[in-house]
> 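Would you mind keeping the following structure in view while I ask a few things?
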Amino acid sequence: MKKVIFSGVQSTGTLMIGNYIGAVKNWARMQDEYDCIYCVVDYHALTVRQEPAAFKENARSMFALLIAAGLDPDKNTLYFQSQVSAHAELAWILNCFTYAGELNRMTQYKEKSQRHADNINAGLYTYPVLMAADILLYQASLVPVGEDQKQHLELCRDVALRFNNIYGNVFTVPEAHIPQMGARIMSLQDTDKKMSKSETENPNNVIFLLDPPETIMKKCKRAVTDSDGLIKFDTANKPGISNLLTIYACLKDISTDECEKQFAGMGYGALKTAVGEAVCETVAPIKKKYDMLISDAAYLDEICIKNGNRAAKAAAETLDRVKAAVGINTF
Ligand code: TYM
């Protein structure tokens with residue numbers, strides 16, 4: 001039997017180059033070797049206030065974009081979280097096995113509470129528990145994510161181990177699979193901040209996969225650098241240049257050392273142009289496929305239903321075991 005992989009992406013906004021490099025590009029590489037389950041986590045996205053019509057459209061768009069970016073819906077179980085109610089049910093049970101002290105330590109909760117000070121809801125607080133439920137429902141061994149999800153994964157493991165210690169081996173204890181390079185793509189204008197698809201302050205901080213080529217080139221050309229003129233990978237002292245080199249290296253599948261050699265003696269302008277071109281080359285076929293998919297509603301519906309049913313079946317098996325373990329009556 002193949003090992004199970006699970007990962008998810010929130011349907012807030014649209015995919016950007018950080019999601020692609022840190023997560024989706026790697027997901028596409030794993031589809032032959034593993035039993036892969038990838039989920040558009042629309043319930044997670046509700047922790048931030050959403051406008052219903054746009055929210056619905058964003059989720060569909062995200063689904064189409066994942067396929068366009070390389071996830072074959074015949075090889076991967078690709079579905080919406082809201083299609084499988086077991087996610088919410090298991091999350092409730094796991095809430096009872098997670099301590100408030102653990103949730104208080106979550107850095108994403110602290111950051112998001114600051115950003116959405118007018119809406120610090122309970123969903124934002126228990127977000128990591130729903131995430132643990134997502135993963136544990138499918139007995140996933142590996143969870144390919146960017147670096148920002150590491151702490152949530154550690155919590156998921158702690159909760160799984162706690163539950164298993166009480167009830168026996170109900171859950172597979174998953175491991176985070178974080179890429180060595182590109183696990184944290186930084187904002188183009190503010191290199192202290194990670195690039196984020198829900199960026200609202202400055203669109204020049206983030207490159208979206210559906211940005212037109214001229215916008216991509218403009219954003220790359222405006223990326224902050226430094227004044228010493230040397231193309232060198234040094235995240236501590238040259239965060240802007242290192243971020244550009246990382247994007248280039250990940251898209252070209254080369255090391256940052258090779259990158260440095262390739263750009264030796266060249267100026268920052270040349271690097272920015274090369275990065276912009278590499279991004280444009282990567283996103284062009286994705287955009288083409290996306291345009292085709294998004295206009296074919298019947299096809300998208302068909303694969304959502306097929307994959308959602310497949311996911312629901314696998315999830316039900318685990319949920320039944322969990323209910324039996326804790327002593328919930330089933331009729
Ligand atoms: P989300 O939607 O914020 O991001 C999706 C994936 O993209 C990665 N990522 C990045 N990688 C590199 N550089 C960046 N700047 C960058 N920004 C985002 C994320 O690490 C993620 O892998 N909580 C999750 C969604 C989720 C999930 C799950 C993931 C819900 N349930 C279960 C794994 C397993 C999130 O908000 O991802």
Side-chain angles (χ1 to χ4, degrees), residues 4-28 30 36-48 58-59 62-63 65-66 69 71 79-82 84 87-88 90-91 94 106-109 111-112 115 123-124 126-157 159-160 174-188 190-199 205-209 235 239 242-243 246-247 250-251 311 315:
V4 177
I5 283 199
F6 182 94
S7 204
V9 56
Q10 286 198 71
S11 48
T12 42
T14 177
L15 281 185
M16 50 88 186
I17 203 74
N19 304 125
Y20 180 73
I21 290 174
V24 181
K25 187 170 190 271
N26 303 313
W27 299 355
M30 294 169 148
C36 298
I37 306 175
Y38 297 122
C39 184
V40 175
V41 291
D42 43 3
Y43 279 162
H44 275 100
L46 271 184
T47 51
V48 173
N58 276 347
M62 180 63 79
F63 191 87
L65 203 42
L66 289 175
L71 300 184
Y79 70 106
F80 293 106
Q81 187 181 32
S82 56
V84 180
H87 286 254
L90 182 60
L94 296 182
M106 295 293 116
T107 52
Q108 282 216 341
Y109 169 66
E111 274 166 27
K112 283 193 183 168
R115 240 187 305 143
L124 207 56
T126 58
Y127 180 110
V129 186
L130 179 57
M131 194 168 149
D134 299 340
I135 298 162
L136 300 180
L137 260 186
Y138 299 97
Q139 308 289 349
S141 307
L142 281 183
V143 184
V145 282
E147 202 185 73
D148 60 335
Q149 298 303 317
K150 199 172 157 198
Q151 196 186 30
H152 289 162
L153 254 294
E154 279 159 13
L155 178 69
C156 173
R157 284 173 58 84
V159 173
E175 269 176 45
H177 186 276
I178 297 172
Q180 279 187 334
M181 190 168 61
R184 191 174 178 85
I185 300 296
M186 306 310 282
S187 148
L188 294 180
D190 179 354
T191 50
D192 288 335
K193 252 181 30 183
K194 75 174 166 103
M195 193 182 277
S196 164
K197 67 171 128 59
S198 41
E199 169 74 51
N205 274 331
V206 41
I207 304 174
F208 295 103
L209 299 196
T235 44
S242 302
N243 197 37
T246 303
I247 295 173
C250 288
L251 295 181

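Whatever order the structure lists them in is the order used to number ligands and atoms, beginning at 1. From a predicted model like this one, the values you see are computed outputs, not experimental measurements.
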> Which residue and atom name correspond to the protein heavy atom nearest atom 4 (O) of ligand 1, and how close is it?
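Heavy-atom neighbour on the protein nearest atom 4 (O) of ligand 1: Asn19 ND2, 3.4 Å.
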> Among all protein heavy atoms in this structure, tell me which lies nearest to atom 23 (N) of ligand 1, with the distance rounded to 0.1 Å.
Tyr127 OH, 2.6 Å
> Considering only heavy atoms of Ala23, which atoms of ligand 1 have at least one such atom less than 4.0 Å away?
6 (C), 7 (O), 22 (O)
> Show which atoms of ligand 1 fall inside a sub-4.0 Å distance from at least one heavy-atom site of Val143.
33 (C), 34 (C)
> List the closest protein heavy-atom neighbour of atom 1 (P) of ligand 1: residue, atom name, distance to the nearest 0.1 Å.
Lys197 NZ, 3.6 Å
> Any chance you could measure Ile207, atom CD1, to Ile185, atom CD1, to the nearest 0.5 Å?
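That separation rounds to 9.5 Å.
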> Any side-chain heavy-atom pair from Lys112 and Tyr127 closer than 4.5 angstrom?
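In contact.
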> Give the residue and atom name of whichever protein heavy atom lies nearest to atom 20 (O) of ligand 1, and the separation in Å to one decimal.
Asp148 OD1, 2.4 Å
> Can you find a side-chain donor-acceptor pair between Gln151 and Thr107 that sits under 3.5 Å?
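Note: Gln151 and Thr107 side chains meet the donor-acceptor criterion.
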> Salt bridge between Lys193 and Glu199, side-chain N to carboxylate O under 4.0 Å?
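The answer is yes: the pair qualifies as a salt bridge.
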> Check whether any side-chain heavy atom of Trp27 lies under 4.5 Å from a side-chain heavy atom of Ser7, and answer yes or no.
yes
> Which atoms of ligand 1 sit under 4.0 Å from any heavy atom of Gly182?
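Numbered from 1, ligand 1 contributes 12 (C).
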> Do any nitrogen or oxygen atoms of Gln10 lie less than 3.5 angstrom from nitrogen or oxygen atoms of ligand 1?
yes
> Are Ile5 and Tyr38 packed together at the side-chain level, in the sense that at least one heavy-atom pair is separated by less than 4.5 angstrom?
yes
> Of the protein's non-hydrogen atoms, which lies at the shortest distance from atom 31 (N) of ligand 1, and what is that distance?
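For atom 31 (N) of ligand 1, the nearest protein heavy atom comes out as Asp134 OD2, 2.7 Å.
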> What atoms of ligand 1 come closer than 4.0 angstrom to any heavy atom of Gly22?
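It comes down to these atoms of ligand 1: 11 (N), 12 (C).
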> For Phe80 and Phe63, what are the C-alpha separation, side-chain angles and deciding distance, and is it a ring pair (Phe, Tyr, Trp, His ring centres under 6.0 Å)?
CA-CA 8 Å; Phe80 293 106; Phe63 191 87; 5.1 Å; yes
> Tell me the protein heavy atom at minimum distance from atom 37 (O) of ligand 1, and give that distance in Å.
Gln149 NE2, 3.9 Å
> If you define the side chain from C-beta out and look only at heavy atoms, does anything of Val159 sit under 4.5 Å from Leu155?
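Yes, their side chains come closer than 4.5 Å.
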> Going by the order shown, which atoms of ligand 1 are within less than 4.0 Å of some heavy atom of Ile135?
32 (C), 34 (C)
> Can you tell me the protein heavy atom closest to atom 28 (C) of ligand 1 and the distance?
Met131 CG, 3.3 Å
> Do Asn205 and Met195 have side chains that get closer than 4.5 Å, going by heavy atoms?
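No - every pair of side-chain heavy atoms lies 4.5 Å or more apart.
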> Could you list which atoms of ligand 1 come closer than 4.0 Å to a heavy atom of Met16?
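That gives atoms 16 (C), 17 (N) of ligand 1.
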> Please identify which of these residues, Val129, Ile135, Asp134, meets the side chain to side chain contact (heavy atoms under 4.5 Å, CB included) condition with Cys156.
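For Cys156, the side chain to side chain contact (heavy atoms under 4.5 Å, CB included) test succeeds with only one of Val129, Ile135, Asp134, which is Ile135.
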> For Phe6, counting its heavy atoms only, list the atoms of ligand 1 lying under 4.0 Å from any of them.
32 (C), 34 (C)
> Do Gln149 and Met131 touch side chain to side chain, with heavy atoms closer than 4.5 Å?
yes
> Of the backbone atoms (N, CA, C, O) and the side-chain heavy atoms from C-beta on, which set of Ala183 has a member under 4.0 Å from an atom of ligand 1: side chain, backbone, both, or neither?
backbone
> For ligand 1, which part of Val41 has a heavy atom less than 4.0 Å away: the side chain, the backbone, both, or neither?
side chain
> So do Val41 and His87 actually touch side chain to side chain, heavy atoms under 4.5 Å?
no
> Which atoms of ligand 1 have any heavy atom of Val9 under 4.0 Å away?
2 (O), 5 (C)
> Looking at atom 11 (N) of ligand 1, what's its closest protein heavy atom, distance included?
Gly18 O, 3.2 Å
> Relative to atom 14 (C) of ligand 1, which among Leu130, Ile185, Asn26 owns the nearest non-hydrogen atom?
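Going through Leu130, Ile185, Asn26 one by one, Ile185 has the nearest heavy atom to atom 14 (C) of ligand 1.
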